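To keep things clear, I will list the structure first and then write my remarks on it.
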Amino acid sequence: MASKPQRLHQIAGTNFQSSAKRVRTMATSTAIEPAMKDAFTRYAEYLNDLNDKRERVVKASRDVTMNSKKVIFQVHRMSKSNKVEVLEKAEKDLAAVTDQYVSRLVKELQGTDFWKLRRAYSPGIQEYVEAATFCCFCKNGTLLKLDEINKTLLPLSDPSLHPLQINVLDYLLGLADLTGELMRLAIGRISDGELEFAEKICRFVRDIYRELTLVVPHMDDSSDMKTKMDVMLQSVIKIENACFSVHVRGSEYIPLLGSNDPSSFLVGVPDIEL
């Protein structure tokens, strides 16, 4: 058995070691606290800046949406007699949307991880894609591709920074909305006597729908796209039914549709009953 002085010595040594450990722990904690405080301060500033940027991006996206819709409305004013003038005006309006409103999005998002704010700017980009592809089809009868749209955004960016590029999902969502506008255009062209143009729209929309049915099932984030596919199918059916009605019930009157001949019995009567 250890003597009393030895036990006191051991107890004193243990207390000394515990005290030294506590001193070291306190010193370490005192050194860490400022570093952690600085880290949390920087993170709070980052989140505040990100939230402010999100608000600006949402506002810019709203402006893109509103003005892209105006371009679409302008295209719908097209008729056989004013097609060239209407499309020229629509192209100028689309260029203004790009220079004045899309450029604001580009400046906000270039050089950043813009995918983090995709939900904030996606609606505007989809509407912009819809307007751009709508103008292109009405003028050239072709589909404006994603890389062609992204090329128009490059001059808006600082070459030294990572530029904003429209992703595939937003392009396809805008393309799905395009089919709804083409359906409205086809119905209008039939009533204006442009049956060949309406049939061309029908084939174009049907091709888009067929191709997307092959792609959408394999998409990871496709909930929005699947919903729009249902709407797209309804657009295809409406265009097909309208064209079918012309061929079945109006084929004998096709040469007279839209005729301005005073002797025509169709003058003053709707071109076709749909």
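In this chain, numbering begins with 1 at the start of the sequence shown. As the structure is a computational prediction, the values presented were derived from the model and not from experiment. Because only heavy atoms are used, hydrogens play no part in the values below, and waters and symmetry mates are left out as well, while side chains stay in.
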Handout entry: Short side-chain to backbone donor-acceptor contact, D170 and I166, under 3.5 Å
Key = no
Practice task
Quick one: closest heavy-atom pair of R54 and A120, and the distance?
Solution key: CG-CB, 4.0 Å
Practice task
Check whether the side chains of E45 and T41 place a donor and an acceptor atom closer than 3.5 Å, and report yes or no.
Solution key: no
Problem - Min side-chain heavy-atom separation V168-L146 under 4.5 Å - result: yes
Practice task
Could you tell me whether D230 and K226 have a side-chain N and a carboxylate O separated by less than 4.0 Å?
Solution key: no
Practice task
State, with a plain yes or no, whether a side-chain heavy atom of C135 is found less than 4.5 Å away from one of V71.
Solution key: yes
Practice task
Specify the closest pair of heavy atoms between L156 and V106, including all atoms of both residues, with the distance to one decimal.
Solution key: O-CG1, 3.8 Å
Handout entry: Partner residues of F134 under the ring pair (Phe, Tyr, Trp, His ring centres under 6.0 Å) criterion, sequence neighbours left out
Key = H76
Handout entry: Minimal non-hydrogen separation, L164 against L153, with atom names
Key = O-CD1, 4.1 Å
Practice task
Quick one: list whatever passes side chain to side chain donor-acceptor pair (under 3.5 Å) with K238, sequence neighbours left out.
Solution key: none
Problem - Minimum heavy-atom distance between S68 and A131, given as atom pair plus value - result: O-CB, 3.7 Å
Handout entry: Note, V102 side chain near Y128 side chain (heavy atom, < 4.5 Å)
Key = yes
Exercise for the section: Give, for atom CD1 of I208 and atom CZ of R203, the distance between the pair rounded to the nearest 0.5 Å. Expected result: 13.5 Å
Practice task
Assess whether atom NZ of K139 is packed by more than 12 heavy atoms of other residues, nucleotides or ligands within 6.0 Å.
Solution key: no
Practice task
Could you tell me whether the side chain of L143 reaches within less than 4.5 Å of the side chain of L175, counting heavy atoms only?
Solution key: yes
Handout entry: Expected output: side-chain S61 to main-chain V57 donor-acceptor under 3.5 Å
Key = no
Exercise for the section: Write down the atom of V236, the atom of V205, and the distance for their closest heavy-atom approach. Expected result: CG2-CG1, 3.5 Å
Practice task
Say whether, by atom type as modelled, one donor and one acceptor occur between the side chain of D192 and the main chain of G188 under 3.5 angstrom.
Solution key: no
Practice task
State whether a side-chain donor-acceptor pair under 3.5 Å links S79 with N82.
Solution key: yes
Practice task
Determine yes or no for a side-chain-to-main-chain donor-acceptor pair under 3.5 angstrom, with R104 supplying the side chain and Q100 the backbone.
Solution key: no
Exercise for the section: Write out all pairs satisfying side-chain hydrogen bond (donor to acceptor under 3.5 Å, both in side chains) with one or both partners inside residues 144-161, taking only residues at least two apart or from two chains. Expected result: D158-S160
Practice task
Decide side chain to side chain contact (heavy atoms under 4.5 Å, CB included) for Y209 and T179; before the verdict, give the C-alpha distance in whole Å, the side-chain angles of both, and the deciding distance to 0.1 Å.
Solution key: CA-CA 9 Å; Y209 178 76; T179 58; over 6 Å; no
Handout entry: Closest approach of M78 to L185 (non-hydrogen atoms, all atoms of both residues)
Key = CE-CD1, 3.8 Å
Handout entry: side chain to side chain donor-acceptor pair (under 3.5 Å) against E240, all qualifying residues, sequence neighbours excluded
Key = R206
Exercise for the section: Answer whether the closest heavy-atom distance between the side chains of S103 and T98 falls below 4.5 Å. Expected result: no
Handout entry: Under-4.0 Å salt bridge between K89 and D93
Key = yes
Problem - D177 bridged to K228 by N-O distance under 4.0 Å - result: yes
Problem - ring pair (Phe, Tyr, Trp, His ring centres under 6.0 Å) partners for Y101, two or more places apart - result: none
Problem - K69/E127 ion pair, N-O < 4.0 Å - result: yes
Handout entry: All ring pair (Phe, Tyr, Trp, His ring centres under 6.0 Å) counterparts of F137, not counting sequence neighbours
Key = F204
